[in-house]
2 protein chains.
Amino acid sequence: MPIQKLNTRKDTKGFESVETKTLSEQVFNELKDAIIAGDLEQGSKITEDGLAKQYGISRGPLREAIRRLEAIRLLVRIPHAGMRVVTLTTEIMEEIYTVREALEGMSARLAAQRMSDDDIRSLSVLLDKHQNSIDESQGKHYLQHEGNLDFHFRIASASNNQWLIDLLSSELYQLLRMCRQRSGQTPARPSKAIQEHRSIVEAIQTRDPELAELLMRRHISGAWKIVKELLDKEEAEDQSEQVKHIEEQA
Amino acid sequence: MPIQKLNTRKDTKGFESVETKTLSEQVFNELKDAIIAGDLEQGSKITEDGLAKQYGISRGPLREAIRRLEAIRLLVRIPHAGMRVVTLTTEIMEEIYTVREALEGMSARLAAQRMSDDDIRSLSVLLDKHQNSIDESQGKHYLQHEGNLDFHFRIASASNNQWLIDLLSSELYQLLRMCRQRSGQTPARPSKAIQEHRSIVEAIQTRDPELAELLMRRHISGAWKIVKELLDKEEAEDQSEQVKHIEEQA
DNA sequence: TAAAACTACTTTGTTGACAATTTCTGCATA
DNA sequence: TATGCAGAAATTGTCAACAAAGTAGTTTTA
C-alpha cells in the first residue's frame, strides 16, 4: 500500500502532534507505526528495495528512515545479513523494564521537586477519568493502556529534563506499546495500578522526592513481574502446543 | 583534510575496537571524534555540502552519518535553520549527569547481583593501577579521565543489560568526554574519587545491590556538584571579563 | 558422494544530477 | 529611516543509475 506523497500527516512522537513533511520523516513514522502495530512481523526480514517500492519512494530517504528506526531500536541490523524487525524476547523486555524503572524513578523524583501545583491537580483529575473508564468499560484495554502511558508521560514531562523525556517517550514507550501488541496483554490489574498511581501523585503533592521515586520504581518492577508471569505462561503453552503437534505428526 | 577512502579504521564504540568499512561508518566516527575533541566547535553551523567536500565523499553516506550523530545528540537539527554541533550548556550537562545517575545507579545494582568474582577482582586491580598513576603523574589528567570512564564502563558491562550498556557507552559517555573538553576540567579530587570507587567495588563484592546503587549515585551526584561549581566560577569569570571589555571600550 | 569453485542473482553502498525550499540581499516605497 | 517585496544564492530533499559485496545454486572434480 503506497502512501500518498506530499500529504502532511500527523506525528505522535511524545504524544504531541506535529506536521511532518519530508518523505524520510513520513516513512519513518509509517514504518514505526507498522512495526508497533505488528503489521510488520517481529523478526521479519526487510529489504531496502522492497520497502522503497512498497512505499513508493526511492531508497535515499528510506535509508535515512531506517537509520533512525535503528537508533530507537525498532530495527536491528545484522552486518551483511540485512535488517530485521526487532524481536521482543522476554530477556529484552526485562531489560526495557529495568531501564524504565531507573529512568522513571528519577522522573518521579524530579517531578516531586518541580511539578507545578496546577499540573499536579490536573494529573489527579486524569486519574479520576481513568478510574471512571475502568468502572464503565471492562473491555477497552486499549484505552486503558494508552491512559496508562499518558500518566507516565506526564510525570516524565514534569521532570523538565529533556534527556529523560526523549529517552522515555521516543524510545522506551514505543517499545512498551509493542510489548502490549505481543499477545494482546491486558493491562494487569487495572484498579491496583490506579491505586499505585494515586500514591505516586500523593508523594509528588507532598513534595517527597524519595518516596515518589521509591513508589514509582516499585510500581514498575511490580508491573514487570506480572507481565513476566504472563509471558512465561504463554511460553509454556506454546511449548506444550508444539509437543502436541509433534505427537500428532508421529 | 579529506580522509583516505577505503582504509579500515578503528572504532572505539564501547571501548572495544571494531573494524569499519562503509564510508558512512567512517565519517560517523571521524565526525564523532572531531566533535568530542572540539575540532568542530560547539554550536558551529555545519552544512552537508561543506562536510561532504571536506571528507571527500558524496552527500548520501554523509547524511546517514549525520542522522546517527543526531540520534546520539552530538548534532542538533533546528528545522529550516540547518544543523549545529551541540552546545553543552550547564543545563544540558546537569541533565546528562542526572540521567547518568539513574542509569549508573541501576548498573551498580545489577553488577552487585551479576558480576563474576573474577571480574570483581580484575576491577579491584584496575583501581590499584589508577592509584599508582595518580601517585606518579600528577599532570596526566587525560589518562585519569579515561581511566575513570573505564571503571564506569566495566560496571555498566557487568550489568549484563544491553540497553544500559548501549545508552551509557554510546551516548552518555561520549558527551561526558566532551564535557571534559569544555575548558579542560581536571578530574575533580582524583584520590577522593578512587576512594569512592573502592567503596562501590566493596559493595559489589559483598553482593549488596542497594548499597552499590546508593554509593554510585552519591558518587555521581557528588561529581556533578564539583563540576557545576567549576562551571559557575568560569561563567562568572567570563562575565567579569566581558564587563572589563566593555569598560575598556567605554 | 562430498567438497570446492564458478556463475548468476540479490542486496547494500555510493554517486552526481535535479528539484524544491528557504534564506539572504538589495532596491523601491512609504 | 523603516518596511516590504522581488530576485538571487545557498541549502536541503529526492531520485535513478552505477558499483561493490555477498548469497545461493549449479557444475565440476577428487
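Throughout, protein chains are lettered first and strands after them, A, B, ... in sequence-line order, and every chain is numbered starting at 1.
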Side chains of [X] and [Y] in contact at under 4.5 Å (non-hydrogen atoms):
{"X": "V76(B)", "Y": "V85(B)", "answer": "no"}
{"X": "H152(B)", "Y": "R100(B)", "answer": "yes"}
{"X": "F28(A)", "Y": "L69(A)", "answer": "yes"}

Side chain to side chain contact (heavy atoms under 4.5 Å, CB included) partners for E95(A), two or more places apart: N161(B), Q162(B), W163(B)
A52(A) versus R59(A), closest heavy-atom pair with distance: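 Taking every non-hydrogen atom into account, CB-CG, 3.9 Å.
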Whether Y97(B) and W224(B) hold their rings parallel, tilted or perpendicular, with breakpoints at 30° and 60°: tilted
d(OH, Y55(B); P, dT15(C)) in whole Å: 15 Å
Distance-only polar pair, side chains of R154(B) and S122(B), donor-acceptor under 3.5 Å: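 Indeed, the side chains of R154(B) and S122(B) share at least one donor-acceptor pair under 3.5 Å.
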Is there any protein nitrogen or oxygen under 3.5 Å from a nitrogen or oxygen in nucleotides 9-13 of chain C, and what are the pairs?
from	atom 1	to	atom 2	distance (Å)
dT12(C)	OP2	E48(A)	N	3.1
dG13(C)	OP2	R63(A)	NH1	3.3
dG13(C)	OP2	R63(A)	NH2	3.2
dG13(C)	OP2	R77(A)	NH2	3.2
dG13(C)	N7	R59(A)	NH2	2.7
dG13(C)	O6	R59(A)	NH1	2.9

End-to-end axis angle, where each axis spans five pairs of the helix from dT1(C)-dA30(D) to dA30(C)-dT1(D), to 10°: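 So the angle between the two local helix axes works out to 10°.
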Sugar-phosphate, base or nothing in reach of G60(A), heavy atoms under 4.0 Å: nothing
Salt-bridge criterion met for E25(B) and R68(B) (N-O under 4.0 Å):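 Salt bridge present between E25(B) and R68(B).
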